[in-house]
Structure formats: structure tokens, C-alpha cells
Amino acid sequence: MSDKNVTENFITQIIDADIANGKHSNIVTRFPPEPNGYLHVGHAKSICLNFGLAQDYQAICHLRFDDTNPEKESNEYAESIKADIQWLGFDWGENNFHASDYFEQLYGYAEQLIEKGLAYVDDQTPEQIRENRGDFTTPGINSPYRDRSVDENLTEFRAMRSGEYADGSKVLRAKIDMQSGNINMRDPVIYRIKRMHHINTGDAWCIYPMYDFTHCISDAIEGITHSLCTLEFEDHRPLYDWVLDNIDIDCHPQQIEFSRLNVSYTITSKRKLNQLVENQLVDGWDDPRMSTISGMRRRGYPPEAIRNFVKEVGISKKESVISMTVLEDAVRNVLNKTAPRVMGVLKPLKVVIENYPEDKVEMLTGSNHPQDESFGLREIPFSREIYVEQDDYKENANRKFFRLTEGREVRLRHAYYITCREAIKDAEGNVVELRCTYDPESRGGTADGRKVKGTIHWISAAHAEPVEVRLYDRLFNHPKPAAVENFLDSINPDSLEILPNAMLEPGIVDQDKDVAYQFERNAYFKRDKTHETDRPVFNQVVTMRDSWAKLEQEG
RNA sequence: UGGGAUGUCGCCAAGUGGCUAAGGCACCAGGUUUUGAUCCUGGCAUUCGCAGGUUCGAGUCCUGCCAUCCCAGCCA
């Protein structure tokens, strides 16, 4: 991969051309969320694009809250958005703006449109406006108020601002073309009356500008050069341009649309995500199974992995669904290089090594990363009673099973060769303990040239630290849950598996909370936010590739 | 029988008329390995939605067709 944040795409080509031909000396981008919810992977794409482009061109990217509809906005959301962007590794510096910072200027531009005869106050009811807008095949009908005089419009609009009219009783509309094939151009509403407390301007206003009027002007005020948004705004671009062409402003940013990011087996609709939270189908917005940025953070995804993922996926105008495996691969790639290796037994099975002295404890040396010596070594206690993974024993196993079964010898990672002698079962026939013997000459895991195919992980029973481990699977069973009639029907009932009795090698529970570990042969894990020293909880970040699981499934 | 967009390998995605159609994921086959992990090697589109046409030469240009997505909030 290149050292750029954003690989070449049709947008960088436009930018390069604009710089080459002198249209711009450099770029200014912006990420413009409405603070009405939590950010998800889809937003991550936009953040990585806008901030990444700014870094690549040594330019700046603004964070602008698109707060024109106080109905759904809150400071809590705004704060979470900032935290998510920072966590992803981006910095807006001094450039945190709000559309509401421009309310006064916006109002001025609205009066300007009125003075030019390009906007009018409409007294029709919302229903009348909708009816007269027409539909895809029927042109709209001009409002009876469309030809009010400039003076009357000015008077009416000022009265709207000063609070003389009830909410919803009047709107300001741009006078464009009720016959347009593009419905956005059929005299779009640009101001509405809404008596509502605003998170930034309080009760200063009772009229609020609409997105289409606000966004382009905000971009222009800030000197944005390239205004990047998603495909559904393609139809709005003529309106974006119309507004800027018809007010007195000397900056005209270029709106460019790209396709949204969809990841298979996930959902990115704010409404649906909210439903999951409301119905307590997940543990809040940051549930590790959620596609929210806070969810991925809690899960343990490294921000670098998300950045790499977005970069890998690319930018285009094609509607697409990216396989979740691409995201997981990005996570594994980072974790493989950064995660210290430790041993953790998820489903413990006790093993007694019959020929090992009862009270002996010896310290064995293990490497913290087999491919990177800089991770150093650690001492691991070994004793007569250990735990191994339940799945590492199988009765009547065939030759392909390189693990424990009666009479088979395996290597204990960093320790000794042991041979399984007998499985002890309870009354129901469940294997509850293994009796094994070890080869004292094989300390460290090497012996005479005997070939032992299998190496398994283990933990000294007396030294094991009990932890709760949470395993995650996809939240939905359907690759495109949003396409299912009722997306809740496609929820995977087994997306969370709690293992309350996992065992971890000593010395890990109190380590740095920001470290993700590889529990060798299992998966990558990271502390959950609820983790306490006396009640440790680890989340599975992502499994490792498992070709054995495939073989086993095939039989 | 409105307007806007998109169609290159199972999923993404380069390609901007001229050598054998990049790369990643997935998949398959080998090798190394004290993680059935990692790593390494090799295989994975005679063909670019379809049909015509222009050209010495087309995924790239033209015409027609087909498929899919978005738009009728006083949401963004």
C-alpha cells in the first residue's frame, strides 16, 4: 500500500487537475455530521476520506456540525462524534465549526434572494405544498403565493423571524422551477418556523434554515474547495449550485458524490441501530457487535485497522457491499504485528501429569512474539496440574487430529511433551480430566528428533487467573440485513457467547488496558470497558484464521 | 412514457483507444513453522451488463437495449 491515506481515485484526480490548472492552490475539505446520533463505519469512510485527503495534500479538514434541525440534536451526540474522530486518529485543530455559527449570515442571504425575486414566503399548508409539488411524472403547480412582491416577502419573512407566526404556518421557498424533472428544484423550502431550543443558539431563533440552503453556503463561507458527500445527494447538486450562483458570495465549492460504505452482515441505519439499543438487543451504542465507531473501539479494533480498511476498500460511485472478511483481515493484520502472545484457555479441561512431582513449580521461558524479538520473553509457571482446551482432546481421533487422544503425544507450548494416558469421565460420560505423563527430557518443547505435530496451549492450574471471556459472532445472519423485510428477524441469536470460566496465564489481568493480546491458537482479545481487577472481562476482537475448522467441517 | 446515477473475477477495485486486463479480500494447491496462526510460493477474468458500429487496434469512442440504485420531509 502507498503511504498516502487515500489511494488514487476519481476524486483525487479532480483535485489534482484543479491544482494543476490553478483553480486551487490547495484544498480544504470538511466532515459535516449532524449531531443527532452516533457515528458508524459508514461515517468512518467519510472521515478517513476528508481528513485523509487533507493530510495527503498537507491541507486542512474542518469539522462542521450540520446543526440546522434542533429537533434531533444534542451535545451528547456532538461530544461522542468528536471523541470518535479523535480516536480514529484525526485532528480538526482549530477548525470546529457549526452551521449555526452562520445563522445570521444565512438569514442575510435569504433576504438577498427575496430582494432578487428568487424567494418567497408561502402560506400553504404542508399538505398543500406536497400536493402541488407533483410527482415523478407530473409537474408541480405554482403556489398562489409565488408572486408576492419583494416588499411583502421581506415583511413576511421578517415577521417569521420575529415570531409573529405559528410553527409550520409559513415557509420561505426558493423560486426556481415547479416543472423541473428534478423535484429538488420545484421551489424547495429553505426556511421553516420551529420554536425549539437549539444546542448552540439557544432560543435566539424560531426559524431555521434547511440543509440545502445551509450546506452550500456554509461550505462557501469556510472556503471549502471540494465538498464530498454520498450518492443520494446527487440530485441536490443543482440546488447547491443554484443557491451559490444566486447569492453574492465569491466562493463556489464543488460538490462531489461517492458511494456509501456498506459492510456485509451489518447495519448502518441510525434508526435501526437505535432500535437495537432501544429493544435492548445489544448492550448500548458501544456494544462490541455494533457497527458504530464506539462499538468497534470497545470491541478492540485498532483505529489503524479501520483506516487501512477504508483505504483498501477505495472510493467510487458504485453501490457496493464489502465483505466483512475485508474488515476482519485489516484488524488481524494490525493485531498480528502489535499483539503480545499469551496463553488463555477458554474452556478448561484439567490435566494431571502423573509423573511430575506434586509440589514442584518451575518457570519456563516463552517468547511474547514469535516473529518479533523486541516483544521480549516472559516466565511462565509450570506444575503437575494444568488446564488445556476442551477442544484439544478427542476420543477416537483420527491421524489428522494433532492433539490429545489416548496414546498420542503433543507438545505443550514453551514446555514439555506430554502423552495422554487416560480420560476420566463423570457419570454422564463427559470427560472431566485427563491423566498424562511428560517427558522430562523435552523441557522447552524440544527433544531428540521426535516429530510431534501438535503444539497446544495450557495454564498451570495453581497459577491460572479466572477471567470472563466474551466471544462475538456477526450480529445478523443475513449478508444484507437492511434488505430483509423486518431486519430484526435476521438477528443472529448466537452472536454473543459468554465464557465465565476462562483461565488466563498470570500477570495479564492487570496489564495496560489498551493492549490487545493474542491468546495463542484462539483469537485476539482486549479488556472490556467493564473490566475490573477482581472481575476481569475480555472481549474477543477477532478470531484467527482457522484452516483446521474448515477441515473439520468438511469431515 | 419524469429526473439523476451505476454496471471490469464470488466481494471490492485499478484501467482515461495500443505490450500478456493492476492490487486486496475470498477460494484452491504446495513449502516453512514450538500458534492447524504468521510467513513464503504458485493458481485463480482469451475477457470487461448485452447487441451492433467506428478504428490497423476498444474495457476504454458512438448507437440501441437490459439490469440495479437514488429522488415526490416544513430531515440531513
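Per chain, numbering begins at 1; letters A, B, ... match sequence-line order.
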Exercise for the section: Please work out if Asp135(A) contacts a base, only the sugar-phosphate, or nothing of the nucleic acid, heavy-atom cut-off 4.0 Å. Expected result: base

Problem - Base of G36(B) and ring of Trp548(A) stacked, centres under 5.5 Å, planes under 30° - result: yes

Practice task
Compare the ring of Tyr191(A) with the six-membered ring in the base of C74(B) and state whether they stack (centres under 5.5 Å, planes under 30°).
Solution key: no

Practice task
Compare the minimum distances between each of U35(B), C25(B), C71(B) and the side chain of Asn184(A), then state the nucleotide with the smallest one.
Solution key: C71(B)

Tell me: [atom1] of [X] to [atom2] of [N], nearest whole Å?
| X | N | atom1 | atom2 | result |
| --- | --- | --- | --- | --- |
| Arg332(A) | A26(B) | CZ | C1' | 11 Å |
| Arg521(A) | U38(B) | CZ | P | 14 Å |
| Met178(A) | G2(B) | CE | C1' | 14 Å |
| Asn368(A) | U38(B) | CG | P | 20 Å |
| Asn336(A) | C40(B) | CG | P | 11 Å |
| Glu257(A) | G4(B) | CD | P | 13 Å |

Problem - Phosphate OP1/OP2 of A37(B) contacted by Ser547(A) side-chain N/O (<4.0 Å) - result: yes

Exercise for the section: May I ask you to evaluate whether Arg403(A) reaches the phosphate of G36(B), defined as a side-chain N or O under 4.0 Å from OP1 or OP2? Expected result: no

Quick one: does [X] reach the base of [N] with a side-chain donor-acceptor pair under 3.5 Å?
| X | N | answer |
| --- | --- | --- |
| Arg341(A) | U35(B) | yes |
| Arg237(A) | G4(B) | no |
| Gln371(A) | U38(B) | yes |
| Asp235(A) | G3(B) | yes |

